[in-house]
**Student:** 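One structure, as structure tokens, below. Some questions next.
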Amino acid sequence: MCGIFGAICEDALSDTLKGLKLLEYRGYDSAGVAIKTQHNQLQLTKRVGRVSNVIAATQGLPKVQFAVGHTRWATHGEVCERNAHPFLSQDGRFALVHNGILDNYIQLREQLTQKGVHFVSDTDSEVAVQLLMTKAPLYDDIKDALTDTARMLHGSFAIAVLDSNTDSLYLLRRGSPLYIGISNSGNYLSSDVNTLRYFCSRVGVLEENAFCELNSKGATQYSIDDGRVLPIHYINVKTKQLDKDSQGDAMLSEIAEIPHALQKTFDYLTTTAICPDKSMANNIRRIYLIGCGTAYHSCLIGAQYIRRFCNVTVEAVLASEWWYSYYKADSNTLVVAVTQSGETADTLNAARECKRQGATVYAVTNVEGSTVTFVADKVILTQADNERAVASTKAYACQVLALTIFALQFAETKGLIASEQVADYKADFYALPRAVGSVLAEGDKDIDRVANKLSQSKAVYFIGRGTDYFTAREGSLKLKEVSYIHSEAYASGELKHGTLAMMEKGVTVVGIACDSEVMSRHKATVSEITSRGADVITVTPYCTPNECDTLVIPIVNAIYYPILSVVPLQLLAYKCAVLRGCDADKPRNLAKSVTVE
Ligand code: M6R
């Protein structure tokens, strides 16, 4: 959460603002930038709201060579200019931006206040810059002051510091990701590897508990613990043009990209060994699929398919609940950490703990070079391309596809399913991108009609059985996430155990019924609901009872319905957001990467 960007180049302010705009999905309640002027003074511009407000406020400033900036997702202190980053040290020497949470900031703040430091914000982050100010005079080399500061900070941090006395930017990393980008035209830093693609192709991944000096000549990394130089691990990333992805209605265009993303993911994963080999497969006694939010919903579907095909104990676990649920991992455990961003703190922490207990960890992620790719023993990379909207759509579709292919390949490796059968499933995949395409092309009028109904409903319930229930959960999360309509998801059979009491006029139930075998039961459920005055909309490839509205989807191999049937639900959520005047790309209170626990 929060985004950090910095640049050392000919027009560092302009590049930093571009970087912040790309990072805005990480937090968007306020933003700010610090520059070093030609007279070596630090100048701050901060605004409440979007990066565009900072862009407007910095119009006309001369070009500078050094800048750092920040987009905020508030954790400590209300949303206001005073609490926006960067923070300036009281003596004006340092400007600092921070992503993460400093656990001991109250103690440090008290100690510094006693020494006469005056704080201007309510944040934990400001403590870091004032602490650095008090350390700087104690050392000949600013690097020693920075490592001393870092050692006193408890908690998680990705920090970038602009120093008016030197021509370097200083970076500190513990717990939160931080990357540097090196190019002929400038050097950069970012809390998000994807953002750097727009500026350079060579990206360095800072180590955990590391400190880095970045200047126009390059970067040097040191250990915070003992000061020794650490080699920087560089990766080459595919560069991108700035205007291609950086504007427009991201959620809608990302839904439209699903057919292409699925095809790319399928082509990549079916030509890559993504499963354990036979001897390892036979040693695995238990599989945990872990993730949060939407990624967890793909885990639920993946677990269902692994259970169905692979004869192994498997469970989908909310990564945020790992610590509270008495799960155990050992050397016979395979953990698959599913995370679009590869940066979700809850997922990373649970994955690290499983590794510590001896498990093998696989990662399903959409971001090459993200933190999870360094935690995992093996990486299964989905090919959804950069996803900017906070609501995950195309990445979710690709996660479900990846786990479906994983289940089939795992079963094949264990000899539990014939290769011909796997080949048939794969052959049937080719109809899926076309089917999604036809929902996108033809569904508009129907989806508009249903969105109108939903956006006026006092509550919306999503129901389904089997994998349809997991799709219901994802549809419900998407709707509330972007349109703020109250919504819940239930296994259809659970309605009569309590929730039926809520059915009355003004309530809408969205049923997902893709399994032909459960259609008769769904029909009975529809009667139970409509006879109590609520409306029902069914997403299905089949005929539905007269009393319910229908969103028809094409027929595909049943194994692919979770990928297809979620698309109208994503569109519904988007359209409800638009009808209700909500910003679907940047829903209130949320951020794309949840890097705090
Ligand atoms: O990056 P991750 O896949 O680990 O993110 C996990 C969740 O925070 C994420 O899926 C969240 O639920 C989305 N905003 C849902 O659209």
Side-chain angles (χ1 to χ4, degrees), residues 1 3 23 25-28 73 176-177 191-194 250-252 254-255 258 289-302 316-322 335-352 361-373 375-376 379-382 384-400 402-403 462 470-471 473-484 487 489 566-567 569-574 576-577 582-597:
M1 298 180 123
L23 278 171
Y25 67 84
R26 290 201 155 213
Y28 33 83
W73 184 84
S176 300
S191 51
D192 170 17
V193 64
N194 264 328
M251 182 174 175
L252 190 59
E254 284 162 10
I255 296 171
I258 290 176
L289 304 183
I290 62 170
C292 297
T294 286
Y296 171 66
H297 296 151
S298 67
C299 294
L300 287 167
I301 295 165
V317 180
L318 280 167
S320 53
E321 281 292 305
W322 180 268
V335 172
V336 184
V338 183
T339 164
Q340 182 282 133
S341 62
E343 304 294 356
T344 299
D346 288 322
T347 308
L348 290 171
N349 289 341
R352 287 188 183 112
V361 173
Y362 279 26
V364 174
T365 186
N366 195 41
V367 182
E368 196 182 357
S370 59
T371 304
V372 80
T373 63
V375 172
V379 178
I380 300 172
L381 209 54
T382 51
D385 209 352
N386 192 16
E387 191 180 65
R388 288 182 300 120
V390 166
S392 184
T393 53
K394 60 175 181 170
Y396 171 73
C398 292
Q399 279 168 357
V400 177
L403 293 171
F462 286 76
F470 306 138
T471 305
R473 291 176 70 155
E474 175 56 12
S476 171
L477 175 65
K478 213 94 300 180
L479 183 72
K480 63 187 151 205
E481 184 177 19
V482 301
S483 75
Y484 319 144
S487 160
V566 79
V567 175
L569 305 185
Q570 294 170 341
L571 285 169
L572 266 181
Y574 169 80
C576 285
C582 308
D583 180 346
D585 287 350
K586 297 186 179 70
R588 69 186 180 201
N589 308 337
L590 300 180
K592 182 75 178 163
S593 302
V594 187
T595 55
V596 292
E597 287 168 64

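Counting convention: from 1, in listed order, for ligands and their atoms alike.
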**Student:** At under 4.0 Å between heavy atoms, which part of E481 makes contact with ligand 1: side chain, backbone, both or neither?
**Tutor:**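 It is the side chain that gets close, since no backbone atom is under 4.0 Å.
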
**Student:** For atom 6 (C) of ligand 1, which protein heavy atom lies nearest, and how many Å away is it?
**Tutor:**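 Protein heavy atom at minimum distance: C292 O, 3.3 Å.
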
**Student:** How far is atom 8 (O) of ligand 1 from the closest protein heavy atom, and which atom is that?
**Tutor:**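 The closest one turns out to be V594 CG2, 3.8 Å.
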
**Student:** Any nitrogen or oxygen of V390, main chain or side chain, under 3.5 Å from a nitrogen or oxygen of ligand 1?
**Tutor:**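 By distance alone, the answer is yes.
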
**Student:** Report yes or no: do T373 and E368 form a side-chain donor-acceptor pair below 3.5 Å?
**Tutor:**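 E368 and T373 do not have a side-chain donor-acceptor pair below 3.5 Å.
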
**Student:** List every atom of ligand 1 that sits less than 4.0 Å from any heavy atom of A391, numbering the atoms from 1 in the order shown and giving each element.
**Tutor:**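 Those qualifying, in numeric order: 16 (O).
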
**Student:** Could you verify whether a donor N or O on one side chain and an acceptor N or O on the other, from S370 and E343, lie under 3.5 Å apart?
**Tutor:**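 No, no side-chain donor-acceptor contact under 3.5 Å.
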
**Student:** Check whether any side-chain heavy atom of T339 sits under 4.5 Å from a side-chain heavy atom of I290, and report yes or no.
**Tutor:**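 No, their side chains stay 4.5 Å or more apart.
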
**Student:** To the nearest 0.5 Å, what is the distance between CZ (F470) and CD1 (I301)?
**Tutor:**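 Answer rounded to 0.5 Å: 7.5 Å.
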
**Student:** In terms of atom number and element, which parts of ligand 1 are under 4.0 angstrom from non-hydrogen atoms of S392?
**Tutor:**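 Near S392, the atoms of ligand 1 are 15 (C), 16 (O).
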
**Student:** Looking at G293, which atoms of ligand 1 are within less than 4.0 Å of one of its heavy atoms?
**Tutor:**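 So the answer, numbered in order with elements, is 12 (O).
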
**Student:** Pick out which of L23, N366, N386 makes a side chain to side chain contact (heavy atoms under 4.5 Å, CB included) with N194.
**Tutor:**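 That would be N386; it is the only one of L23, N366, N386 passing the side chain to side chain contact (heavy atoms under 4.5 Å, CB included) with N194.
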
**Student:** If you have a sec, work out which protein heavy atom is nearest atom 15 (C) of ligand 1 and how many Å separate them, to one decimal?
**Tutor:**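 Protein heavy atom at minimum distance: T294 OG1, 2.9 Å.
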
**Student:** Nearest 0.5 angstrom please: L381 CG to C398 SG, how far?
**Tutor:**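 Spacing of CG (L381) from SG (C398) equals 10.5 Å.
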
**Student:** Please confirm whether the backbone N or O of A389 pairs with a side-chain atom of E254, one donor and one acceptor, at under 3.5 Å?
**Tutor:**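 The answer is yes, because a donor-acceptor pair under 3.5 Å joins these two groups.
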
**Student:** Roughly how far, to the nearest 0.5 Å, is the CG atom of D346 from the OH atom of Y296?
**Tutor:**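 Reported value, rounded in 0.5 Å steps: 13.5 Å.
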
**Student:** What I want to know is whether T344 and ligand 1 share at least one N or O pair that is separated by under 3.5 angstrom.
**Tutor:**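 Right, the criterion is met.
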
**Student:** Side-chain contact test, heavy atoms from C-beta onward, threshold under 4.5 Å: evaluate it for L572 versus L479 and give yes or no.
**Tutor:**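 Sidechains of L479 and L572: no contact.
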
**Student:** Atom 1 (O) of ligand 1: which protein heavy atom is closest, and how many Å away?
**Tutor:**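 Its nearest protein heavy-atom neighbour is S341 OG, 2.6 Å.
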
**Student:** Tell me whether ligand 1 is touched by K478 - counting only heavy atoms on the residue side and a distance under 4.0 Å.
**Tutor:**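 Yes; K478 lies near enough to ligand 1 that a heavy-atom distance drops under 4.0 Å.
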
**Student:** If you count the atoms of ligand 1 from 1 in the order shown, which ones are under 4.0 Å from a heavy atom of A295?
**Tutor:**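 Taking each heavy atom of A295 in turn, ligand 1 has 3 (O), 10 (O) under 4.0 Å.
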
**Student:** Among all protein non-hydrogen atoms, which one is nearest to atom 3 (O) of ligand 1, and what is the separation to 0.1 Å?
**Tutor:**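 Minimum-distance protein heavy atom for atom 3 (O) of ligand 1 reads Q340 N, 2.7 Å.
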
